[in-house]
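To start, the structure under review is shown below, and the notes come after it.
As a basis for the values below, the full set of heavy atoms in this structure was taken, side chains included, without hydrogen atoms, waters or symmetry mates. First listed ligand is number 1; within each ligand, the first listed atom is number 1. Predicted model, so just to flag it, every value in this text is computed and none were measured.
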Amino acid sequence: MGLHSAMPDLHTLTAHAAHELLVTKAISARELLDAVYARIDAVDERVHSYVLLMREQADAVSARVDAKIAAGESIGPLEGIPLALKDILCTQGIPTTCCSRVLEGFVPPYDATVVRRLDDAGVVTVGKTNMDEFAMGSSTENSAFGPSRNPWDLARVPGGSSGGSASAIGADEALIALGTDTGGSIRQPAAYCGVVGMKPTYGRVSRYGLIAFASSLDQIGPITKDVRDAALLMNAIGGPDPCDSTCYPEPAPDFTEKLGRDITGMKIGVPREFFSQEGVQVDPGVAEAVHAALRVLEAQGAIVEECSLPNVRFSLPIYYIIAPAEASSNLARYDGVEFGYRAPGTRDIVSMMTDTRDAGFGMEVKRRIMLGTYALSSGYYDAYYLKASQVRTLIRQDFERAFAQYDVLVTPTAPTVAFPLGAKVDDPMQMYLNDICTIPINMAGVPSISVPCGYDQGLPVGLQFITAHWDETTLLQAAYAYEQATGWSRRAIDEIERVTMAG
Ligand code: GLN
């Protein structure tokens with residue numbers, strides 16, 4: 001039911017389509033925001049994408065945008081566009097929880113750089129989204145606020161850890177979103193929810209004001225309805241930042257630069273380790289969808305070849321040394337003194353800290369802190385963290401060798417489609433194995449993007465594109481070419497409508 005017959009439901013629009021309607025005054029920023037909030041009111045009780053809504057602030061920002069349009073001023077590509085923000089990004093004056101009890105009551109005194117840049121771009125932040133506690137998980141089931149649900153099947157997980165951002169985009173509860181990705185947390189939920197998710201090169205986007213999980217891996221990136229929107233969001237958030245010394249000092253390119261360019265002659269490598277490894281096989285239906293996608297790319301003139309990245313098989317084991325080690329150090333600061341929650345009625349400073357951490361952290365976070373503390377302990381550092389760092393170099397070199405030969409690598413994003421809620425909560429190893437296709441990319445620090453490539457068992461499958469460090473423009477070019485040739489991205493609005501509005 002549109003405003004009039006030619007007008008689609010506003011909440012289902014991409015950002016670039018909404019922008020066209022805003023500049024031609026066919027719609028106002030107010031109408032767009034109202035449509036998004038109406039959608040949230042209609043479905044979020046079931047989908048549970050959001051942990052906090054920011055209506056007042058959103059109203060004020062959209063009113064400013066409408067005033068600008070009324071005054072005849074030009075607006076930027078994301079001005080007035082409703083966005084969902086993962087609750088791991090600091091927002092000045094607005095609670096930021098990481099979906100952990102330990103951050104209960106924490107109100108950041110400053111904005112993350114990405115949040116400030118979005119504000120400067122006139123983006124309308126609608127609310128903050130659900131996630132696995134401290135971004136540790138693949139299903140949002142580790143959230144202190146309860147899980148989000150997959151808009152394609154409410155009995156299934158949306159993926160994680162940025163599950164709330166992905167379900168928000170999948171269920172049309174925002175036009176664009178930000179997530180973070182340490183081992184797959186943008187791309188895997190994007191794949192599960194049938195949307196686009198991009199992890200930029202490590203260092204491309206400032207992490208100032210991002211609550212740290214594993215500092216040598218964490219990256220911020222877009223979750224959107226299509227590839228063009230991902231590029232537009234990258235234009236708003238990418239580039240150097242004096243507040244983050246790990247940020248690449250060169251100016252970011254125009255990420256839309258190569259969208260629409262022909263991919264004839266583009267060399268695509270398909271690393272076999274992403275389909276089958278000891279202990280994990282990609283589901284046949286997922287592999288089939290990926291192979292069909294490769295044929296589409298070939299039909300567009302790309303040269304597709306199988307290749308091998310032999311050290312990729314070590315990615316998961318070394319991730320579970322490096323990420324917990326860094327997390328155990330980063331999470332030492334939650335001791336009841338400076339941030340958020342403090343256990344009541346404790347006797348002395350030691351019991352205050354231990355009781356705070358005991359009551360404040362969930363199971364998975366405690367497991368990671370223990371693993372990481374062990375890996376860093378005296379005598380074990382060389383055997384574990386150092387060794388893992390050396391193996392990590394071998395993985396990066398595998399990618400560098402591959403990119404001497406290929407422009408792009410293509411793989412599945414995850415070995416399965418979205419799994420049922422509860423299916424893996426009692427088996428951490430099964431949960432971890434879900435990230436087998438995404439973690440190697442974080443290990444190498446290269447950029448990658450997941451785009452929808454069809455269905456298995458009626459649920460969306462993600463196709464992962466990977467390019468060399470800093471080559472996001474080629475990444476987006478390849479993903480865009482595929483998307484335009486197939487149009488999977490927005491095929492199933494009716495199905496999502498049926499699921500999320502039911503009950
Ligand atoms: N699922 C992985 C983990 O649990 C990755 C999470 C992430 O990328 N933040 O650590």
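- Under the ring-ring contact (aromatic ring centres under 6.0 Å, His included) criterion, the residue pairs touching residues 213-252 are Tyr248-Trp470, with sequence neighbours excluded.
- Looking at residues two or more places apart in sequence or on another chain, you find a side-chain hydrogen bond (donor to acceptor under 3.5 Å, both in side chains) between Glu472 and Thr201, Arg204.
- Identified under the side-chain hydrogen bond (donor to acceptor under 3.5 Å, both in side chains) test for residues 212-221, with sequence neighbours left out: Thr182-Asp218, Ser215-Asn330, Ser216-Glu326, Ser216-Arg392.
- Closer than 4.0 angstrom to ligand 1 by heavy atom are Ala135, Met136, Gly137, Ser138, Ser161, Asp181, Thr182, Gly183, Gly184, Ser185, Phe213, Tyr319, Tyr320, Arg368, Asp435, sorted by chain and number.
- At least one cation-pi condition fails for Lys128 and Tyr50: the charged atom is not both under 6.0 angstrom from the six-membered ring centre and inside a 45 degree cone around its axis.
- Aromatic ring centres of Tyr319 and Tyr432 lie farther apart than the 6.0 Å criterion allows.
- One finds no salt bridge joining Asp181 and Lys199 here, because no Lys/Arg side-chain nitrogen approaches an Asp/Glu carboxylate oxygen to under 4.0 Å.
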